[in-house]
Amino acid sequence: MTLSKLVIRNITRRRGRFVFTLMGITIGIASFVTFLSMGGSLKSEINRESAALGANLIVTPIGSCAYEQVSILTGEILPSNITMDEVAKIRAIRGLSAVPVLTEKSAVANKPVSVNGVDVAAMKAFKGWEIAKGAYFSGPDESAAVVGSAAAELFKLDTGSTITVRGESIPVKGVLKETGGRDDVTVFLPLPLAQRLYKASNKVSYLAVKVDNLALTDRYVEQIREATNLGVVSDKQMLKSVLSIVGTVNITLQMIASVSVLAAAFGIVNTMLTATYERKREIGILQALGATQRTIFTIFLLESGFYGIIGGATGVVLGLLVSITAAPYISQNAFTSFVKGSGVGAMIDLKTVVGSILFSAVVAILAGVYPAWRAARLSPVEAISYE
Amino acid sequence: MSDAIIRTENLEKSYQTGAVTTQALRGVTLEIKKGSFTCIVGPSGHGKSTLMHLLGGLDHPTKGSVFLEGVEIGSLDNSRLAQLRGEKIGFVFQFFNLLQGLTAKENVEVAAMLAGVPEKEQAERAMKLLAQVGLAEKADSKPSQLSGGQQQRVAIARALANDPAILLMDEPTGNLDSAAEAEVLEILRNLHAQGKTVVVVTHNNEIACKAEYVICVRDGQIQ
Ligand SMILES: Nc1ncnc2c1ncn2[C@@H]1O[C@H](COP(=O)(O)OP(=O)(O)OP(=O)(O)O)[C@@H](O)[C@H]1O
Ligand SMILES: [Mg+2]
């Protein structure tokens, strides 16, 4: 017999209570892990999308804030307020290449899909796209669509099939090779066609800009601002502000999850206090047999610690299961669309697993301190005389 | 004097319950000889259990001293007292002696653990002690599967797990029928024959008659 074995025997003696107390901490930790792993994959996804965008600068209407910047990365609809005049002015600046993009949405088979109107030739050069099937647009005035690889797979599109955008049937001309970014789930149209379909004549949502000399980035920003009345951010600034919003959202979610962990902690306090009353007599016997106050304290603290470790472990498993199975069902919006894109592998990270179990154990041990102290403080005579 | 394993001097104990003070012991001086079989008898509520608790270092006296093997233990702090109980004392109580969730063998093992016996040696010792009280075949039974007499025998085996210098029992047969009582008594006699110091608090004349020494506690004093 060891103290740990004694503790395990004590815990498993009251199976019902054991299970229900455990469920409290399991659910608390599971929600914690769910938010944590989703938040974690959100961040890595944003980094990936930002890299896939391949721009050094983003030009957006003046006054755009981080939300619009998130939308660029997620393919949400943006207000299209930049005129082709302004586009021309920016493109006239030497030492940079700028591509205008009109971001819209459509639905295929009742599922939302991003539709981008692009300057076909400039965009292909800008992104370095390759064609997997069929062909790329031959000119800007073509009435056809080129789709990303994942979109093609998801909606069962192939060369020769058609998609309906704004009530108009558009033939699919080609499928892009996988890019690893947002482009894979996007339908591309030539800009004039997109502007006509979405009644945004002469307007675009943003420009992606690549500069020839990164060292001169600040000067290009100045030049764009002088030439137009538009806002300019660098990809790094954009990444920073987007990550900071995501960070805020994450912290909020984790705080909510922490509250459920806290509630579970009080469940442990309750269970352990009940145990000290129930086992008063047994505590007295252990004391008569030579258990010191410290031993009694340890026994009770170990017991709540076990709740923490076991509940933490089951909570982590449950949380990961939830985040893996729930992710595809979360409705698409600026934040959650990232989650959908990321794979299972991104969610299971060892730091989250170990950290959550440790967190659970620490919370449970803290919750056990008061009951353990109560138990240890019992006078042996009082405990033995208790019936 | 030299052969006394326990000795008390002017032992007093009072309990404070709210505004009421109960004087349970009023100056008890006694000695218990090493290897003796001593009974403590007396009317209910007159301080027998209180005396036994003090003899075994389960509580602190209000006044006076207790010497165990010549060492004053009444003024030791709680953790030293607990250690001392683990090393030198074996307790058996009247009711609900056993840890309910554990088997007979595990009950003995817990006591061995608290006495510092390494885990590997605990099982062997537990089986030996259970055999000694005639319960080897009940080693894996839970207390709820044992009769009252069997439970008390397990409790005795457990009290012996630390090979104590002295065995203190508070009405070990108070709850048993005469057959079970006889079995317990037989075990006590054997232990005494093996040289253990046995102190039994009892109402039972049959046990009292078999004792070498009888201490009568009345009104918190010895007569
Ligand atoms: N923890 C306590 N708090 C207050 N009073 C106590 C406490 N323990 C014992 N007493 C009182 O001390 C006195 C002696 O009690 P004790 O238990 O020693 O008697 P006893 O001789 O063992 O009686 P019994 O034969 O019924 O077991 C009693 O008046 C009892 O009410
Ligand atoms: Mg009594």
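Below, chains carry the letters A, B, ... as their sequence lines are ordered, and counting in each starts from 1. Atom set for the values below is all heavy atoms of this structure, side chains included, hydrogens, waters and symmetry mates excluded.
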d(A:Ser379 OG, B:Leu58 CG) to nearest 0.5 Å is 8.0 Å
Is A:Lys5 salt-bridged to B:Glu106, cutoff N-O under 4.0 Å? no
With a sphere of 6.0 Å drawn around CD of B:Glu72, does it hold more than 12 non-hydrogen atoms of other residues, nucleotides or ligands? yes
Are the side chain of B:Gln100 and the backbone N or O of A:Glu282 linked by a donor-acceptor pair below 3.5 Å? no
Among residues at least two apart in sequence or on other chains, which ones pass side chain to side chain donor-acceptor pair (under 3.5 Å) with B:Asp163? B:Lys196
Closest heavy-atom pair, B:Met113 versus A:Met1, reported as atoms and distance to 0.1 Å, is SD-O, 3.6 Å
Are there more than 12 heavy atoms of other residues, nucleotides or ligands under 6.0 Å from atom CZ of A:Phe20? no
Any donor and acceptor pair, going by atom type alone, linking the side chain of A:Arg9 with main-chain N or O of B:Leu102 inside 3.5 Å? no
At a 4.5 Å cut-off on heavy atoms, which part of B:Lys120 comes close to chain A: side chain, backbone, both, or neither? neither
Excluding sequence neighbours, so at least two apart, what forms side chain to side chain donor-acceptor pair (under 3.5 Å) with B:Thr8? none
What's the separation between atom CZ in B:Phe93 and atom OG in A:Ser385, rounded to the nearest 0.5 Å? 8.5 Å
Top contributor to chain A interface from B:His53, B:Arg158, B:Gln83 [non-hydrogen pairs under 4.5 Å]: B:Arg158
I'd like to check the side chain to side chain donor-acceptor pair (under 3.5 Å) partners of A:Thr34; sequence neighbours left out, ordered by chain and number. none
Residues from residues 285-300 of chain A approaching chain B under 4.5 Å (heavy atoms): A:Ile285, A:Leu286, A:Gln287, A:Ala288, A:Leu289, A:Gly290, A:Ala291, A:Thr292, A:Gln293, A:Thr295
With chain A, the option among B:Ala155, B:Ala82, B:Gly90 that has the most non-hydrogen atom pairs under 4.5 Å is B:Ala82
Pairwise distance CG(B:Asp170) to CD1(A:Ile384) - rounded to 0.5 angstrom: 9.5 Å
